[in-house]
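Sequence lines set the chain letters: A, B, ... in the order given, protein chains first and strands last, and positions in each chain run from 1. As the structure is a prediction and not an experimental result, all values here were calculated from the model.
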Number of protein chains: 2
Amino acid sequence: MLRGDITVAIRTAVMNELAEVGYGRLSIEAVARRAGVGKTAIYRRWSNKLEMVLEIISDVAERKVPLPDTGSFAGDLELLMMIVSRALQHRIASQIIPDLMAEAARNPQIAETLQRALRTHQQAVGEKLVGQAVARGELPEDTDADLAVDLILGPLYWRLAVARQPLGDDDLEKLAAAVTAALRASSD
Amino acid sequence: MLRGDITVAIRTAVMNELAEVGYGRLSIEAVARRAGVGKTAIYRRWSNKLEMVLEIISDVAERKVPLPDTGSFAGDLELLMMIVSRALQHRIASQIIPDLMAEAARNPQIAETLQRALRTHQQAVGEKLVGQAVARGELPEDTDADLAVDLILGPLYWRLAVARQPLGDDDLEKLAAAVTAALRASSD
DNA sequence: GTACGACGTAACGGTTGCGTTCCGCCGTTT
DNA sequence: AAACGGCGGAACGCAACCGTTACGTCGTAC
C-alpha cells in the first residue's frame with residue numbers, strides 16, 4: 001500500500017541528512033522537507049526518529065562485503081584494505097559512520113545495531129582472511145583473528161575517519177606490508 | 001572580575017554535558033542548569049555554544065602528554081600504549097572524543113582545533129618515539145613516523161572507541177609486539 | 001463509478017532552546 | 001558609605017520541532 005518511490009526518497013533523505021547534521025540534530029521535519037514529502041508519510045512508516053534511523057541504517061549496513069580470496073594473503077589483504085579505504089573515503093559514509101559510532105556510545109539500541117552489522121561481517125572477514133592464510137601456511141597457526149582485525153581496520157579508520165588525512169596507494173602498500181609483518185611475527 | 005569558581009563549574013558542566021548528549025544536542029540552558037548557574041554567567045564569558053566548546057576543549061586537549069623515555073623502544077611503546085588506552089577508557093573521554101571527531105567532519109572550526117591539539121602532540125610523540133628507537137638502532141633509519149603513529153593509535157582507537165571492546169593487559173602486550181614487528185620490518 | 005487509502009498541506013498545542021534584557025542581591029573596591 | 005559589577009532569576013519574542021489531526025486530491029482496485 002505504501003508507495004515505494006516515496007519510501008526510497010525518504011531513505012536517501014535520511015542518509016543525506018545524517019551526513020550533514022548528524023543523528024543528534026536530525027529532525028523529522030527536515031527529512032520530510034528534503035525528501036519533498038509530508039511528515040505524515042514518514043510517521044506512517046516509522047513511529048519516531050530512532051526507529052526510522054535504525055531500520056534504514058541496519059538495512060544499509062547489512063549489505064555484505066564480498067570476502068576477498070585472491071589466492072595469497074598479501075593479495076587478500078591489499079584488496080580488503082583497498083575496499084575499506086574506498087568505503088571510508090566515500091563522502092556520505094565518512095560522515096555517517098563516525099557520527100553513528102559516537103552516538104552508539106550513548107544509545108544502546110544504536111550500539112547494538114551497529115555491533116551486529118559491523119562485528120558480524122568484520123569478524124567473518126577477519127576470520128576468513130586469517131583462516132585462508134593459515135591454511136596456506138602464510139601465517140602461524142595461532143594467529144589471533146581479532147588482533148588481525150584491529151591491526152587492519154584500526155589504522156585505516158584512524159587515518160581516514162579520525163585524522164582525516166588522505167591515504168595514497170603507496171601509503172596503503174606500506175600499511176599492508178606492516179600489517180603482514182606484524183601478523184607473521186605474532187606467534188612469538 | 002569573573003568569578004573563577006563559576007568558570008570552573010561551567011567548564012565541568014560542559015564536559016559532562018558533552019559526554020552525555022554530545023555536541024549536537026548540547027544546549028546552553030542545560031549547561032547552565034547543570035552548573036547551577038545563570039545563563040548570563042555563560043554569555044558573559046562566551047558569545048555562543050561553538051566558541052564556548054572550542055575554548056574549553058582546546059584548553060583540555062592541549063595539556064601535554066608526557067613523552068615516554070624508558071630506555072628501550074619496547075618499553076616506550078608499551079608505556080605509551082598504556083597511557084593512551086587508559087585515556088580512551090576514561091568514561092568522559094571515551095564519549096567526548098569520538099563525538100567531537102564526528103562533529104569535526106562537518107565543522108571546520110572544530111576540525112582545526114582538534115587537529116592542532118591532536119596532531120601537534122601525537123606527531124611529536126611519534127617522532128620522538130621513533131627517533132629514539134632509530135638512534136638506539138632498534139628501528140631501521142628510514143622508519144616512517146606517521147606510519148608508526150597510525151599503527152600505534154589506530155588499533156587502540158578502533159578497539160576502545162569504536163568497537164568498544166575491553167582491552168586487557170595481555171591484549172596490549174600482543175598489540176605492542178605486533179606493532180614492533182611491523183615497524184622493524186618497515187624498511188623492506 | 002465507487003470506495004479505499006496513501007498522499008501533501010496546513011494547522012494544532014506543547015516543548016525546548018535561542019540570545020537578550022531587566023531586576024534585586026551581595027561582595028569587593030575605593 | 002557609596003559605587004561598581006558579577007551573580008541568579010525571571011521573563012521576553014522568536015524559531016524550530018515534536019507528534020497528531022483534519023482536509024482535499026488522486027491513483028488504484030474492485
Whole angstrom value for the distance that separates P of dA29(D) from CE of Met1(A)
12 Å
Within a strict 4.5 Å, meaning less than it, do heavy atoms of the Ser94(B) and Leu160(B) side chains meet?
no
Check whether any side-chain nitrogen or oxygen of Arg44(A) sits under 4.0 Å from OP1 or OP2 of dC7(C), and answer yes or no.
yes
Examine the base of dG8(C) for any acceptor or donor lying under 3.5 Å from a partner atom in the side chain of Lys39(A), and report the outcome as yes or no.
no
Among the nucleotides dC7(C), dG17(C), dC7(D), which one has an atom lying closest to any side-chain atom of Arg3(B)?
dC7(D)
In whole angstroms, the gap separating P of dC26(D) from CG of Asp5(A) amounts to 17 Å
So Trp46(B) and Val53(B), do their side chains get closer than 4.5 Å, heavy atoms only?
no
Between dG19(D), dC7(C), dG17(C), which nucleotide gets closest to the side-chain atoms of Arg45(A)?
dC7(C)
Within this structure, what is the CD1-to-C1' distance between Ile28(A) and dT20(D), rounded to whole angstrom?
13 Å
Tell me whether Arg33(A) is salt-bridged to Glu17(A), with the criterion being a basic N under 4.0 Å from an acidic carboxylate O.
no
Measure OH/Tyr43(A) against C1'/dG19(D) and give the value in whole Å, please.
5 Å
Using a heavy-atom cut-off of under 4.0 Å over every strand shown, decide if Thr40(A) touches base, sugar-phosphate, or nothing.
base
Toward the 5' end of DNA chain D, by each residue's nearest nucleotide, Ile6(B) or Glu29(B):
Ile6(B)
Rounded off to whole Å, could you give me the CG-to-P distance for the Leu50(B) and dC18(C) pair?
13 Å
So, Glu138(B) side chain and Phe73(B) main chain: donor-acceptor pair closer than 3.5 Å or not?
yes
Distance test, side-chain N/O of Arg25(B) to OP1/OP2 of dT16(C), below 4.0 Å
no
Is it the case that Arg136(A) and Ser72(A) place a side-chain donor and acceptor less than 3.5 Å from each other?
no
The nucleotide from dG8(C), dC18(D), dG6(D) with an atom nearest the side chain of Val37(A) is dG8(C)
N or O in side chain of Arg33(B) less than 4.0 angstrom from dG17(C) OP1/OP2:
yes
When rounded to whole Å, the CD1 to C1' distance for the pair Ile42(B) and dT20(C) reads 14 Å
Tell me: CG of Asn48(B) to C1' of dG19(C), nearest whole Å?
10 Å
Leu2(A) atom CG is separated from dG8(C) atom P, nearest whole Å, by 11 Å
